[in-house]
Amino acid sequence: MYNFKEVEKKWQDKWEKEGTFNAKEDYSMPKWFGLIEFPYPSGQGLHVGHPRSYTALDIVARKRRMQGYNVLYPIGFDAFGLPAENYAIKNHIHPKITTEQNIAHFKEQLKSIGFSFDWSREINTTDPDYYKWTQWIFIQLFKKGLAYKTTMPINFCTGCKVGLANEEVVNGVCERCGSPVVQKEKSQWMLKITEYAQRLIDDLDDVDFLEKIKAQQKNWIGRSEGAEINFKIKGTDDSLLVYTTRPDTIFGATYMVISPEHEFIKKHEDMIENLDEVKAYQEKASMKSDFERSELNKEKTGVEIKGIKAINPVTNEEIPIWISDYVLITYGTGAIMAVPAHDQRDYEFAKKFNLPIIQVIKDKNEELKEELKEAYTDIENGIAINSGFLNGLSSKEAIKKAIEYIEKNNLGTRKVNYKLRDWVFSRQRYWGEPIPMVYCEDCGWVPVPEEELPLKLPEVKDYEPGENGESPLSKQTEWIKTKCPHCGKEARRETDTMPQWAGSSWYYLRYMDPHNDQEFASKKALEYWSPIDWYNGGMEHTTLHLLYSRFWHKFLYDLGLVPTKEPYQKRTSHGMILGENGEKMSKSKGNVINPDDIIRDFGADSFRVYEMFMGPFDQTAPWSMESIRGCSKFLDRVWSLQDILVDGEEYSKEFETMMHKAVKKVSNDIEEMKYNTCVSTFMTMVNEFSKAKKINKKEYETFLQLLNPFAPHITEEIWERLGNKEELAYTPWPKYDEAKTIDETIDLPIQINGKLRANIDIKKDEEKDKVKEQVHADEKIKGYIAGKEIVKEIYVPNRIYNIVVK
RNA sequence: GCCGAUAUGGCGGAAUUGGUAGACGCACUAGACUCAAAAUCUAGCGAGAAAUCAUGUGGGUUCGAGUCCCACUAUCGGUACCA
């Protein structure tokens, strides 16, 4: 009987002691760098979702080693973050201590699953030797003008009392704690990711990411093409600049709308007749949280700015200007030309406030309607009408022509806009990398000298943020006091820290050379290991981590510090593992599966095999305690094959085709992440050997090689018992002969009119005439075609034979 | 609303990419072993008496469709006054 407890322990200890899976320093070998998202070491320990991703790439890593690659498959911990800090506030235990404890627990769990990680390169984002370089990269960003401090309305979480990036606000509430998010004016460090927007789109063409990942990144960046157009303000030299993607509709612009935060109001206060009303509206809008704004998005609100009129530049008509919060200050110019006939929001607004609606586009396939029930926005079938020089043009042509006209007459310019906004990089929190900046009255913001890095987090007793949302570090008066690195005058340190995304934006680079104290990684290591050959992680990180780290990488590339434009050559993602009831695992639902229990009861190999067998890798799958038993049973049968072992240095005739087929299938399926079908191939093989009551040595050995990446412990053990001295993990991956993957005789299906009627045995690659002879000699077929006219006979070699009769 | 997935037995899922639908596993049924149970082994297992009918629904292309085309429906993920 197979004793998984003993065997798994034995091999894990050996691997650890000998550093079996550490990457080699030999840079002449072909390399393969596989990356999984390093975990946040939470107090709850490992989730069964983590090993799904880690096992998948562990399988590829192990296969690559057998294929002769120098493999880097590293692991580390993304250990800054709010839970440790919240725990500290509650229990007055330093986050460093809980983080250390959690990491120790995680390591033990990870090691018990037998991943082939290179533990000698383990990193930890909270280690000063690591965050020294996170701070260093920030300083480089600052020096290039890509980090700047500005006062701006930010998303402020009323629960966590921190500013949040756009990406961290979900449906108007905080992604982490679920508290409402409000707008608050705060001085914040920002990173100019928008400067890289176009490149972040363009360079997706050169990498092998799943299409859905590319699509999500593109959507998030949200590129749109259009024009900025100036509308003159009557009786002044001033004008109002709008952004539109539909300049072809300009003849239908019957009013304008500006956002409540627009500076236009302040500038023209003296002209506004209903200033009180306008100010009241501004006030009301500023009180609304993002959540309320989107909640109320059914009913439009707004106020006309009386006393001021704009001029439509093509019709020369006077049009009113309104203020409304459906126009966002953060997108475009914060002002729009409203074309109610051809924009649904403008249409609703115009209906509510009785503003004129002029149709300037009609559908080419329909008669013009007297009155619109909704805005007509179809760009494919639209034809310009009531539009002067644009009349008769298709919408697409009209857009081109309108932009030409606008540019020729100095009314505006073509313009590309992005939804992507700059990255709010400050957190008013303790447990993060201190932002290495000093404020001097005379010199402004000055970076901490690079030789003084790392700027360590001071030890504190009080982790509470200030009432107004200041960082806990703002209470560390001694620490804050410093000299200006530039002029030497009294100055104060920045008390904000970096967001959790900082440390994970470049960690993969550190793995290449983790102990270097001169550079974040040596040129040689970077040249050799870049880019990452395969990165697997969750879809939830597609718009945050993935985008941020691509941005940082491109920045480092521009400085000549990394050799590739893109960090990740290939990106795939895994599906979530749900609870047994088909719902997301959560403590409150009581459906959480603890990996420790599974490993205790079934062993690491069963756990790994089950997670790969449970369903298609990229799709969500519910956990099943009953199914894992089947995988455990399978491994017991693999072990029992030792009882029916016979001699044989080559495949036996009986199993030759099956062996070649299996090598081919498993080799290909691993590359396509079809792990579930690999496992079923293994099971089928075991069934065949068991049925025949024999397996020869060569067959057993090949089988163990194929299974090794999935179930490394049991396969190593049997391998050793077969008398092999060297480790299975480094034996060459089995090869197959294409010609031998097809059976000598084929059970050919015969169809009559597409319906299966019989099967006959034919020889492999038999000529059509011979097959035809055999088919027509078959008694069953004779019966079916007797007295009928044969219209056609189709033979797909080795596949199928179909007779069409009338 | 927009973007992206998914839909096949009681369940998880397979199908060489247009060629025998239901591989493999779970559950279930029967048998062997056992005083008995568990474990293990052996056999069966979409529906139907059969002709046949079956891959979310309705059309189409084809000798042949789970797979391709058109029109829908449902579920999941992402995103949203983005002008």
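A, B, ... follow the sequence lines: proteins, then strands. Residue 1 opens every chain. Because the structure is a prediction, the values reported are computed rather than measured.
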Side-chain (A:K214) to main-chain (A:L204) donor-acceptor, under 3.5 angstrom: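 The answer is yes, because a donor-acceptor pair under 3.5 Å joins these two groups.
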
Output field: ring centroids [X]/[Y] closer than 6.0 Å:
{"X": "A:F613", "Y": "A:F634", "value": "no"}
{"X": "A:F602", "Y": "A:F607", "value": "no"}
{"X": "A:Y255", "Y": "A:F353", "value": "no"}

Which value, in whole Å, describes the distance between the [atom1] atoms of nucleotides [N] and [M]?
{"N": "B:G56", "M": "B:U52", "atom1": "C1'", "result": "23 Å"}
{"N": "B:A14", "M": "B:G9", "atom1": "P", "result": "13 Å"}
{"N": "B:U6", "M": "B:C69", "atom1": "P", "result": "13 Å"}

Closer than 4.0 angstrom, basic N to acidic O: yes or no for [X] and [Y]?
{"X": "A:E738", "Y": "A:K664", "value": "yes"}
{"X": "A:E793", "Y": "A:K768", "value": "no"}
{"X": "A:E688", "Y": "A:K691", "value": "yes"}
{"X": "A:K740", "Y": "A:E656", "value": "yes"}
{"X": "A:D248", "Y": "A:R246", "value": "yes"}
{"X": "A:K661", "Y": "A:D743", "value": "yes"}

Watson-Crick and G-U pairing of RNA chain B, under 3.5 Å, as dot-bracket with | and [ ]: (((((((..(((......[....))).(((((.......))))).((....))..(((((..]....))))))))))))....

Under 3.5 Å donor-acceptor pair, A:R799 side-chain atoms to B:U20 base atoms: no

Distance-only donor-acceptor test, A:K300 side-chain atoms vs B:C81 base atoms, 3.5 Å: yes

Calculate the interatomic distance between [X] atom [atom1] and [N] atom [atom2]; express it in whole Å.
{"X": "A:K768", "N": "B:C63", "atom1": "NZ", "atom2": "C1'", "answer": "12 Å"}
{"X": "A:E580", "N": "B:A27", "atom1": "CD", "atom2": "P", "answer": "13 Å"}
{"X": "A:D346", "N": "B:C81", "atom1": "CG", "atom2": "C1'", "answer": "10 Å"}

A:Y281-A:T301 side chain donor-acceptor pair, cut-off 3.5 Å: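 Judged by distance alone, the side chains do pair up.
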
B:U17 glycosidic torsion: syn (within 90° of 0) vs anti: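 In terms of base orientation relative to the sugar, B:U17 is syn.
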
Syn or anti for B:G56 (syn when the glycosidic angle lies within 90° of 0):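 B:G56: anti.
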
Short side-chain N/O contact from A:K792 to OP1 or OP2 of B:C63, under 4.0 Å: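 Checking A:K792 against B:C63: at least one side-chain N or O falls below 4.0 Å of OP1 or OP2.
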
Any A:Y243 side-chain nitrogen or oxygen under 4.0 Å from OP1 or OP2 of B:A83: no

Given RNA chain B, 5'-ward residue of the pair A:E211 and A:T245, judged by closest heavy atom: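 By nearest-heavy-atom nucleotide position, the 5'-most residue is A:E211.
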
Nearest-nucleotide 5' precedence on RNA chain B, A:N802 against A:V796: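 With A:N802 and A:V796 compared, the 5'-side residue is A:V796.
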
Touch class at under 4.0 angstrom, heavy-atom based, for A:R757 against every strand present: sugar-phosphate

For nucleotides 73-78 of chain B, list the nitrogen or oxygen atoms of the protein found under 3.5 Å from its nitrogen or oxygen atoms, one pair per line.
none

Base versus backbone protein contacts along nucleotides 21-26 of chain B [heavy-atom cut-off under 4.0 Å; B, S, -]: --BBSS

Nearest non-hydrogen partners of A:M612 and A:R52, listed with the distance: CE-O, 3.4 Å

Of the listed nucleotides B:C53, B:A83, B:C3, the one nearest the side chain of A:A215: B:C3

Nearest to side-chain heavy atoms of A:P749, which nucleotide of B:C81, B:G4, B:U20: B:U20

